[in-house]
Amino acid sequence: MPKLETVQLAVIGGSGLYQIESLTRVKEYAIKTPFGDPSDAIVVGTLSDRRVAFLPRHGRGHRLLPTEVNARANLFALKTLGVTHIVSVSACGSLREHLHPRHVVVPDQLFDRTRGRPLTFFGNGLVAHIGMAEPFCPRLSALVADTVEASGGTAHRGGTFVTVEGPRFSTKAESQAFRQLGFDIIGMTAIPEANLAREAEIAYAVMAHVTDFDVWHASEETVTVEMVIRILGENVTLAKQAIARIAASDLPPSDAHSALATAIITSPDAVPARLKRDLAPLIGKYLPVEKKAVKRKNVNRKNVKRLF
């Protein structure tokens with residue numbers, strides 16, 4: 001693996017977005033993490049005069065189910081590169097009449113309906129309670145919406161994104177219940193990415209491309225894989241244009257960048273040294289790895305000359 005470089009901006013590509021052809025001076029990094037391998041090699045290239053990291057969430061060729069995506073490895077690898085801002089490009093279903101296919105929603109709230117996914121980097125001797133009242137970075141989300149509109153797309157600012165386990169689509173009963181609960185869009189991957197990005201102190205925003213009306217809409221076609229891929233294919237140019245504009249912009253400050261400052265509750269002396277080493281990219285500035293004590297060699301007193 002080539003020596004790692006430092007990259008601020010990363011894009012996680014969802015269904016339909018598996019590469020960004022306009023990247024130049026491309027390098028690939030196969031980064032090993034304490035949580036296993038990421039979905040694929042991380043591609044780093046130059047876009048709008050900025051080095052940008054790109055990771056296909058489901059792997060090239062779309063090999064991974066939503067539940068099989070190793071989000072911890074993905075986020076840890078991006079943090080290892082120094083990433084401070086992530087734009088997640090995702091497919092979603094609309095639960096509202098005014099959110100049409102081919103529109104883009106930049107949500108501001110998140111609801112977790114997944115089951116059994118690893119939701120945290122912590123445990124095994126280190127406890128942290130991260131704040132998630134605002135699961136998406138407001139400033140980065142505003143930049144995403146601005147660039148979608150500047151690229152000719154229709155952007156909706158705000159909304160609640162419910163994340164379900166998948167891989168199946170909703171039943172009609174579930175879809176109607178989600179509407180009654182006030183949710184706006186539905187997808188399968190924002191959890192645990194949003195949680196983990198906050199634990200990694202990375203600003204995180206979602207560019208959610210509406211592909212369908214889920215199954216609740218009486219007069220619209222029921223969601224299918226063919227429909228999702230077709231509409232995402234039509235929107236992929238929009239996504240790439242918006243990403244190029246984001247890369248050309250000043251990346252905003254974010255409260256996420258200090259999210260762990262008040263979250264770690266475990267006494268530093270109680271955290272295993274190995275855990276501190278393994279999680280150093282995440283917690284190193286709060287729980288530095290202790291330097292190993294240098295053992296003093298035994299001195300043969302017979303060979304020591306007296307100085308007095």
Side-chain angles (χ1 to χ4, degrees), residues 12 14-15 35 39 55 57-58 64-76 78-79 86-96 99 105-123 126-138 140-141 144 156-212 214-216 223 228 254-256 259-260 263 265 282:
I12 299 178
S15 302
F35 303 98
S39 297
L55 177 63
R57 179 184 289 115
H58 299 279
L64 301 170
L65 291 170
T67 304
E68 293 176 325
V69 172
N70 191 341
R72 291 192 296 181
N74 289 348
L75 272 291
F76 193 95
L78 293 174
K79 182 68 175 181
I86 290 175
V87 175
S88 165
V89 180
S90 299
C92 72
S94 169
L95 297 170
R96 298 293 155 201
L99 302 177
V105 180
V106 184
D108 62 353
Q109 278 300 320
L110 187 58
F111 196 93
D112 183 5
R113 286 275 299 181
T114 66
R115 301 180 300 276
R117 299 184 185 186
L119 300 176
T120 180
F121 290 113
F122 303 122
L126 176 58
V127 178
H129 299 287
I130 205 76
M132 282 290 287
E134 302 292 338
F136 306 107
C137 174
L140 183 58
S141 294
V144 170
H156 298 269
R157 299 168 188 257
T160 298
F161 194 170
V162 57
T163 305
V164 295
E165 188 70 11
R168 68 172 178 84
F169 295 124
S170 302
T171 67
K172 288 185 177 181
E174 289 167 339
S175 194
Q176 292 289 358
F178 294 150
R179 281 169 48 78
Q180 292 172 16
L181 288 169
F183 304 150
D184 298 290
I185 54 176
I186 182 170
M188 299 179 187
T189 54
I191 295 289
E193 278 185 6
N195 313 31
L196 298 170
R198 184 58 56 89
E199 289 187 346
E201 297 190 321
I202 299 173
Y204 179 82
V206 170
M207 183 193 300
H209 292 258
V210 178
T211 59
D212 56 85
D214 204 38
V215 295
W216 64 271
V223 57
V228 170
S254 176
D255 291 343
L260 281 179
I265 196 170
L282 306 180

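Ser94 contributes a side-chain N or O that, together with a main-chain N or O of Leu99, makes up a donor-acceptor pair within less than 3.5 Å. In this structure a side-chain-to-backbone donor-acceptor pair under 3.5 Å is missing from Ser88 to Ala205. Within the 3.5 Å criterion, the main-chain N or O of His129 finds no donor-acceptor partner in the side chain of Glu199. Here the side chain of Asn74 pairs a donor or acceptor atom with the backbone of Ser39 at under 3.5 angstrom.
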Inset, instruction - List the steps and the verdict of ring-ring contact (aromatic ring centres under 6.0 Å, His included) for Phe178 and Phe111. - result: CA-CA 10 Å; Phe178 294 150; Phe111 196 93; 8.4 Å; no

Inset, instruction - Check the pair Leu110, Val206 against side-chain contact (heavy atoms from CB on, under 4.5 Å), reporting the backbone distance first and the verdict last. - result: CA-CA 11 Å; Leu110 187 58; Val206 170; over 6 Å; no

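Among all heavy-atom pairs drawn from Gly131 and Arg198, the shortest one is O-NH1, 3.2 Å. Nearest heavy-atom pair across Ala133 and Gln109 is O-NE2, 3.0 Å. Summarising the geometry of Ser175 relative to Val215, their closest heavy-atom pair is CB-CG2, 3.7 Å, with the distance given to 0.1 Å. Among all heavy-atom pairs drawn from Leu119 and Asn195, the shortest one is O-CB, 3.6 Å. Closest of all the heavy-atom pairs between Pro135 and Ala194 is O-CB, 4.2 Å. Between Pro107 and Phe136, the shortest heavy-atom contact is O-CD1, 3.3 Å.
Between Thr189 and His58 the shortest side-chain heavy-atom distance falls below 4.5 Å. With contacts defined as side-chain heavy-atom distances shorter than 4.5 Å, the pair Phe121/Leu75 qualifies. A 4.5 Å side-chain heavy-atom check between Arg57 and Glu193 finds at least one atom pair inside the cut-off. A heavy-atom distance below 4.5 Å is found between the side chains of Ile86 and Leu78. In this structure, the side chains of Leu95 and Val162 come closer than 4.5 Å at one or more pairs of heavy atoms. Between Tyr204 and Ile202 there is no side-chain heavy-atom pair separated by less than 4.5 Å.
Rounding to the nearest 0.5 Å gives a distance of 4.0 Å between CG of Asp214 and OG of Ser170. In this structure, CG in Leu260 is found 7.5 Å from CG in Leu282, a value given to the nearest 0.5 Å. Atom-to-atom distance recorded for Thr114:OG1 and Ile191:CD1 is 6.0 Å, nearest 0.5 angstrom. Distance check, rounded to the nearest 0.5 Å: CD of Glu201 to CD1 of Ile130 gives 7.0 Å. We find the CG-CZ distance between Leu196 and Phe76 to be 11.5 Å, quoted to the nearest 0.5 Å. Between Met188 atom CE and Ser90 atom OG the span is 11.5 Å, to the nearest 0.5 Å.
In this structure, Glu174 does not pair ionically with Arg113, as no charged nitrogen and carboxylate oxygen lie closer than 4.0 Å.
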